[in-house]
Amino acid sequence: MTTEQAAEEPRTVDLLGVGVGPFNLSLAALADGVPGLDAVFLDQRPAFRWHPGLLIEGATLQVPFLADLVSLVDPTSRWSFLNYIRTQERLFPFYFAERFHIPRAEYDAYCRWVSEELPSCRFGHRVDSVTWDEDRRAYAAQYTRIDGHGAVLGTGTVLARHLALGVGTAPHVPAPLRALAGDPDAPVLHSADYLAHRDRLLTAGHVTVVGAGQSGAEVLLDLLRARPHGREGLTWLARTPAFAPMEYSKLGLEHFTPDYTRYFHDLPETARDRLLPAQWQLYKGVSTDTLGDIHDELYRRALTGGWPDVTLTPGVAVTAAEQRCGRVELSLEHTEEGSRGELATDAVVLATGYAERPVDGLLEALGPHISRDGAGRPLVGRDQRLALDDKVGGAVFVQNAERHTHGVGTPDLGLAAWRSAVILNALTGRPAYPLPERTAFTTFGLTRPRSADDQKECA
C-alpha cells in the first residue's frame with residue numbers, strides 16, 4: 001500500500017455509536033472509562049438537546065438524579081451528575097435544596113455538558129448508511145458533515161468493529177390527525193414542539209390537549225396557569241379509561257430493574273406482546289404531584305364562583321379531524337358509552353408519545369442477515385445485541401429499540417447506565433463494569449435457579 005493510499009484509509013474504531021441521545025451518551029461516558037477502547041459517537045444535530053419543546057418551567061425529571069448517565073454502575077465516574085454540579089459550583093445549594101428529582105432543564109444541561117466534554121462525541125455528522133466490509137472485517141459507515149442549518153460540509157467514512165444504535169424515538173401522531181399535523185397552516189402540533197408554539201397557543205380561544213401521559217398533563221397545567229380565570233377554554237382528552245397516576249410504589253418500580261428485564265426477555269413472544277399493553281400505568285401514567293397540581297389549580301379557580309372553563313374527559317378516541325373555517329373539528333368516540341360527538345377547537349396539542357425509530361432504514365444492507373420474530377421485528381439478545389447470521393462478524397447493539405424484547409424499562413433513564421455496562425461487558429468479553437447478580441426484592445417467575453438450600457431433601 002502506498003503512503004497516499006494509507007492516508008486515505010478510513011479510521012477503524014472499536015465501537016461506533018450512531019446517535020447521541022441519553023442512552024448512547026451514557027454508553028460514551030462509560031466507554032471513556034474502559035482502557036484501550038477506541039469509540040466514536042456521531043449525531044446529526046449541531047449539539048445535544050433533550051426534548052427541548054418540553055422543558056417547561058418547573059417540570060422535573062420523573063426519575064431520581066441517581067438515574068444519570070453513569071452513577072448506578074459507577075458512582076465514582078467523573079461524568080456523574082454530582083460531579084457536574086460540583087463543576088458548576090452548585091454542590092452546596094443542591095445539598096440544601098434536598099432535591100431527589102431535578103428540573104428537566106437541569107438534566108438537559110448536564111447531558112450537554114457531558115457531550116461537550118467527551119472527546120468521543122461528534123455532532124453535525126449524519127450517518128447515512130452502514131454496510132459490512134468483509135475484507136476489513138468491520139462495518140463501513142458513510143456519513144455527511146452538516147452545519148447547524150443543514151448545509152452539507154463534506155462526506156466521509158468510518159470503519160467500526162462494532163456498532164451501537166441509539167437513534168432515539170420520533171413523535172407519534174395518531175392516523176386521524178396526521179394530515180393536519182403535517183400541514184404548517186393547521187393549528188395542530190405535537191407536544192415535542194410545545195414551547196416553540198406556546199405564545200400562539202395562549203392567544204387561541206380554545207385549546208385541546210390529546211393524550212393522558214405526563215407530557216399531556218404538563219402541557220395542560222402550563223396552559224391552565226397562564227390563561228385568564230373563567231375563560232380558560234381548555235379540553236383534555238385521553239383514550240385511557242382515567243387520568244391515572246404513574247405506578248410509583250417501591251415494589252411497583254421493580255419492573256424497571258435488570259431482574260425484571262431479564263425475566264421479560266425470557267418470556268415467549270406471545271406473552272410479551274400480551275403483557276406490554278396491560279402495563280400502561282407503569283410508563284404512560286402521570287405523576288401524582290402533577291395530577292395534584294392540576295386539581296389544586298382548578299379548585300383555586302372555582303373559589304371565585306363557577307366552574308373553570310376546562311373539560312377533562314378520559315375514555316375518548318379521536319376518530320377523524322378536519323380544518324373548517326379556521327378551526328379544527330374533531331370527531332370523537334367514547335370507548336365505554338359507545339357514544340359519538342364533535343368538538344370544535346382553535347388548536348390541538350398532541351401529547352401522544354413517541355415511537356421507536358426503526359433501525360431497518362439505516363441497516364438496509366444488513367437486512368437479510370437480521371433474525372426476526374413472528375411479527376417481523378428484529379430479535380435482540382439479553383446483551384442488547386441484534387441477532388445476526390454468521391456472515392456478519394461484528395456486533396450491532398441497540399438502545400431504546402427493543403421494547404418488544406426487553407419490556408417497559410426500555411425507554412427508562414434509570415436503566416441507561418446498567419444497559420451501557422451490559423453492552424461494554426459484551427463488547428470487551430470481560431466485566432469491564434461488574435454488575436450485581438440481583439437488583440429486586442421481587443422474584444419474577446418460578447424458573448429461577450434453585451439454591452443449594454432449596455435442593456436439600458428431607459432426611
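Residues take their numbers from the sequence shown, with the count starting at 1. Values below: all heavy atoms of this structure, side chains included; hydrogens, waters and symmetry mates excluded.
Applying the ring pair (Phe, Tyr, Trp, His ring centres under 6.0 Å) definition to pairs two or more places apart or across chains, none involves residues 166-186. Pairs of residues two or more places apart, or lying in two chains, never qualify as ring pair (Phe, Tyr, Trp, His ring centres under 6.0 Å) while including a residue from residues 280-333. Within the structure, ring pair (Phe, Tyr, Trp, His ring centres under 6.0 Å) pairs that include any residue of residues 192-240 comprise W236-F243 (at least two apart or interchain). Pairs engaging residues 53-72 under the side-chain hydrogen bond (donor to acceptor under 3.5 Å, both in side chains) rule: Q62-Q214, D68-S71 [sequence neighbours left out]. Identified under the salt bridge (charged side-chain N to carboxylate O under 4.0 Å, His left out) test for residues 400-410, with sequence neighbours left out: E402-R419.
Judged purely by atom type and a 3.5 angstrom limit, N425 uses its side chain to pair as donor or acceptor with the backbone of Y433. Under a 3.5 Å cut-off, the side chain of Q142 and the backbone N or O of T144 do not form any donor-acceptor pair.
We find that D309 and R227 are not joined by a salt bridge, their nearest charged nitrogen and carboxylate oxygen being 4.0 Å or further apart. Salt bridge absent: D296 and R300 never bring a charged side-chain N and a carboxylate O closer than 4.0 Å. The pair R377-E356 fails the salt-bridge criterion, with no side-chain N (NZ, NE, NH1 or NH2) lying under 4.0 Å from an Asp/Glu carboxylate O. For the pair R372 and D360, the salt-bridge criterion is met [side-chain N within less than 4.0 Å of a carboxylate O].
For F94, the ring-ring contact (aromatic ring centres under 6.0 Å, His included) test picks out F65, F81, with sequence neighbours left out.
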Verdict with reasoning, E106 to R90, per salt bridge (Lys or Arg N to Asp or Glu O under 4.0 Å): CA-CA 12 Å; E106 189 172 29; R90 289 207 310 272; 2.6 Å; yes
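Ring geometry for H125 versus Y143: interplanar angle of 30 to 60°, hence tilted. Below 30°, between 30° and 60°, or above 60°: for H51 and Y354 the angle between ring planes is between 30° and 60°, a tilted geometry.
Looking only at atom types and distance, the side chain of S26 has a donor-acceptor partner in the side chain of S420 under 3.5 Å away.
Among all heavy-atom pairs drawn from D43 and V20, the shortest one is OD2-N, 2.7 Å.
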